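See below for the structure under consideration.
Order of the sequence lines fixes the chain letters, A, B, ..., with proteins taken first and strands second; residue numbering starts at 1 for each chain. Quick caveat, the model's predicted, so the values are computed rather than measured.
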Number of protein chains: 2
Amino acid sequence: MKSESTTIKDIARFLNISASTVSRALNNHHEVSYKTRQAVLKAAKKLNYQPNALAIGLVKNRTNTLGVLMPDITQPFYSSAISGIEYVAVERGYYVIICQSDESYQKEMSLVDMLNTHRIDGLIICPATTTDRYRHLREISRTTPLVQFDRIVDKIDSHKVVSNDYQGAYEAVTHLIQCGYQRIAHIAGPKQLSISKNRKRGYLKALKDAAQPIKKQYICICTLDKEHMRWCTEKLLDLPKPPDAIFAVNDPTALEVMYVAKQRKLAIPEDIAIAGFDDQSLTSYLDPALTTVSQPSFTMGKTAAELLIAQIESGNTTEISFQKKIFSTSLVIRDSSQRKPETND
Amino acid sequence: MKSESTTIKDIARFLNISASTVSRALNNHHEVSYKTRQAVLKAAKKLNYQPNALAIGLVKNRTNTLGVLMPDITQPFYSSAISGIEYVAVERGYYVIICQSDESYQKEMSLVDMLNTHRIDGLIICPATTTDRYRHLREISRTTPLVQFDRIVDKIDSHKVVSNDYQGAYEAVTHLIQCGYQRIAHIAGPKQLSISKNRKRGYLKALKDAAQPIKKQYICICTLDKEHMRWCTEKLLDLPKPPDAIFAVNDPTALEVMYVAKQRKLAIPEDIAIAGFDDQSLTSYLDPALTTVSQPSFTMGKTAAELLIAQIESGNTTEISFQKKIFSTSLVIRDSSQRKPETND
DNA sequence: TTGTAGGCGTTATCAT
DNA sequence: ATGATAACGCCTACAA
């Protein structure tokens with residue numbers, strides 16, 4: 001079935017010229033006569049010629065292909081970032097191979113391997129929640145330009161693109177405090193993730209700055225499994241003095257908090273306020289609409305691709321100075337955190 | 001940067017044997033002594049050998065790679081299908097290249113081209129809304145196994161995987177009728193899409209079977225742009241006799257209907273009922289929770305991959321008899337369509 | 001069991 | 001301006 005694709009040799013034979021001339025004509029090498037170029041292009045069209053990227057990659061040692069490895073492409077934050085990556089990739093003549101690790105360290109490693117094997121020109125990666133060893137990153141970064149995205153490992157040298165998780169969390173929690181909530185809990189992400197650490201730091205600092213007590217039992221470390229998100233929520237709500245607000249490490253978690261709260265017939269935001277992180281597209285349609293920290297995911301994706309392509313095309317001549325781009329977040333205040341919406345109106 | 005990857009020649013030199021022996025050892029060719037195989041494997045590990053998929057693909061004319069081309073990977077229906085595809089692909093030793101057309105015919109064509117150029121072994125495709133010519137499909141299907149997914153073109157020979165759109169729509173509209181709604185409108189998808197046609201047919205048949213009048217002004221053909229979804233809703237609600245229920249061609253559309261209805265302070269489902277199609281993950285969190293038609297997207301993806309791989313591995317010996325797998329849907333009744341929830345309790 | 005040689009489709013170098 | 005040739009990394013007859 002895959003047998004009869006035409007090659008430059010076929011074109012050459014068809015026109016009674018050499019394969020190298022055909023190759024040159026196809027690649028706009030200036031040293032080929034207008035006439036032959038036209039003939040070649042015409043023949044190529046007629047014979048339905050499709051270049052073989054494998055062969056080209058083999059000789060050029062370049063594939064014009066970027067790898068993108070994300071934990072879960074169904075999450076709007078990632079899919080929006082992917083759109084941003086694709087946007088600049090296409091513009092710059094690169095193809096994109098998208099992969100998802102499903103938050104599995106094993107799958108992540110095997111995918112990095114396959115991407116390496118496919119000789120991608122560069123990789124944008126956001127590690128899985130379960131990834132706590134980084135040899136695969138360090139190794140691929142020695143041979144392939146790498147950009148770390150969102151969840152990063154500081155000690156690994158590469159460009160990095162993140163948002164200001166610390167600041168975003170700080171603002172969200174400060175907002176809750178200003179709304180009068182007194183017992184603000186936090187469902188945090190796995191400890192090894194940079195975003196978890198930074199968002200938790202923001203949470204703690206906000207409490208501290210407002211002279212609110214920090215209580216250990218109000219902080220729950222979540223694996224980010226759906227089940228565990230609910231379990232954490234239940235645990236918090238079952239405390240003798242349950243929290244009156246929950247700041248969740250991300251929107252999927254906030255959603256589960258809301259689910260459990262509704263099941264318990266708690267009024268949101270009267271009995272309990274909820275805030276998330278990400279600004280996923282549907283959060284504004286929820287009841288009540290979710291207060292959350294918005295990240296410029298599309299722009300972040302674009303930036304990651306730009307850094308990556310720049311590094312690829314730098315030719316590696318000089319030592320690269322790696323950049324860490326930190327994007328500002330913005331707090332989106334909606335109904336899930338405003339105890340008395342529209343009273344002073 | 002991409003220079004120093006080790007090849008089988010390096011291993012051969014290292015061990016003072018020939019490259020072909022190394023190749024055989026690496027591929028478990030039974031005619032190689034246990035001793036040399038062990039030595040080769042050890043050396044491969046030590047030198048950190050990574051096979052070059054380009055070279056292998058070039059000689060084998062097989063890449064062990066499947067292409068997946070979807071309109072929009074952010075929609076849960078598609079991303080869930082992709083997960084299903086990946087699930088069986090990984091199991092069977094295939095890699096998956098995911099692409100999205102962003103509902104653009106141009107992008108779709110150029111992506112098909114690039115996938116072809118990369119010599120994928122097979123393709124699973126769901127065409128863009130704007131795709132109304134199918135030469136690219138017909139052409140790639142002549143050289144590459146193809147599975148049409150969800151939105152299909154009947155006249156193009158290939159395996160097909162769809163859900164029973166007609167039946168699903170019929171059941172949804174019948175449900176609305178049974179709930180007592182009298183003026184049921186339909187926001188349909190673009191005419192060229194198979195799913196639009198079939199869901200509309202189901203809508204019409206349900207009205208007919210219930211002896212409800214079919215009114216042209218209650219049917220709105222939508223491009224599936226967000227703006228146009230809202231515009232269609234506005235148009236329907238502005239009718240002298242506005243509908244008391246709207247059946248939307250998919251969940252994103254239903255969401256926009258809900259948005260507009262809420263803006264107009266219409267009570268759902270008292271003033272107007274809403275039903276969608278897809279059962280996207282967040283629809284159950286909405287206010288009110290959305291009645292919708294659920295499709296087994298993950299299983300559909302799995303099936304598509306299975307059919308594709310079977311065709312790839314059939315060796316094309318005999319003429320293939322193409323299958324059309326039609327999956328049953330199931331109606332998920334939630335609050336957006338039940339005029340008096342919890343009254344008889 | 002192992003080595004040699006040729007080829008997969010393309011580009012690049014060197015001639016002509 | 002064009003052609004011949006080697007090379008990219010790997011596999012596979014065929015030969016030894």
Donor-acceptor contact present, side-chain Gln192(B) to main-chain Asp132(B), <3.5 Å: no
Spacing between Arg119(A) atom CZ and dT10(C) atom C1', to the nearest angstrom: 17 Å
All pairs passing salt bridge (charged side-chain N to carboxylate O under 4.0 Å, His left out) where residues 18-45 of chain A contributes a residue, at least two apart: none
Heavy-atom pair of closest approach, residues Val96(A) and Met114(B): O-CE, 4.3 Å
Check: Ser141(A) side chain, Leu146(A) main-chain N or O, donor-acceptor pair, under 3.5 Å: no
Within 6.0 Å of OH in Tyr87(B), more than 12 heavy atoms from elsewhere: no
End-to-end axis angle, where each axis spans five pairs of the helix from dT1(C)-dA16(D) to dT16(C)-dA1(D), to 10°: 40°
Side-chain N or O of Thr7(A) closer than 4.0 Å to phosphate OP1/OP2 of dC8(C): no
d(CD1, Ile8(B); C1', dA7(D)) in whole Å: 15 Å
Contact residues, residues 19-31 of chain B to DNA chain D [heavy atom, < 4.0 Å]: Ser20(B), Ser23(B), Arg24(B), Asn27(B), His29(B)
Test side-chain hydrogen bond (donor to acceptor under 3.5 Å, both in side chains) applied to Thr36(A) - qualifying residues, sequence neighbours left out: Ser33(A)
N/O (side chain, Lys9(A)) to phosphate O (OP1/OP2, dC8(C)) under 4.0 Å: yes
Step-by-step side chain to side chain contact (heavy atoms under 4.5 Å, CB included) determination, Ile320(A) to His159(A): CA-CA 9 Å; Ile320(A) 302 150; His159(A) 290 310; 4.2 Å; yes
Partner residues of Lys46(B) under the salt bridge (Lys or Arg N to Asp or Glu O under 4.0 Å) criterion, sequence neighbours left out: none
Neighbours of DNA chain D within residues 40-59 of chain A, by heavy-atom distance under 4.0 Å: Leu58(A), Val59(A)
Electrostatic pair Lys325(A):Glu306(A) at N-O distance under 4.0 angstrom: no
Donor-acceptor under 3.5 Å (Thr130(B) side chain, Glu103(B) main chain): yes
Under 3.5 Å: donor-acceptor pair, side chain of Gln148(B), backbone of Val153(B): yes
Under-4.0 Å side-chain N/O to phosphate OP1/OP2 contact, Ser33(A) with dT2(D): yes
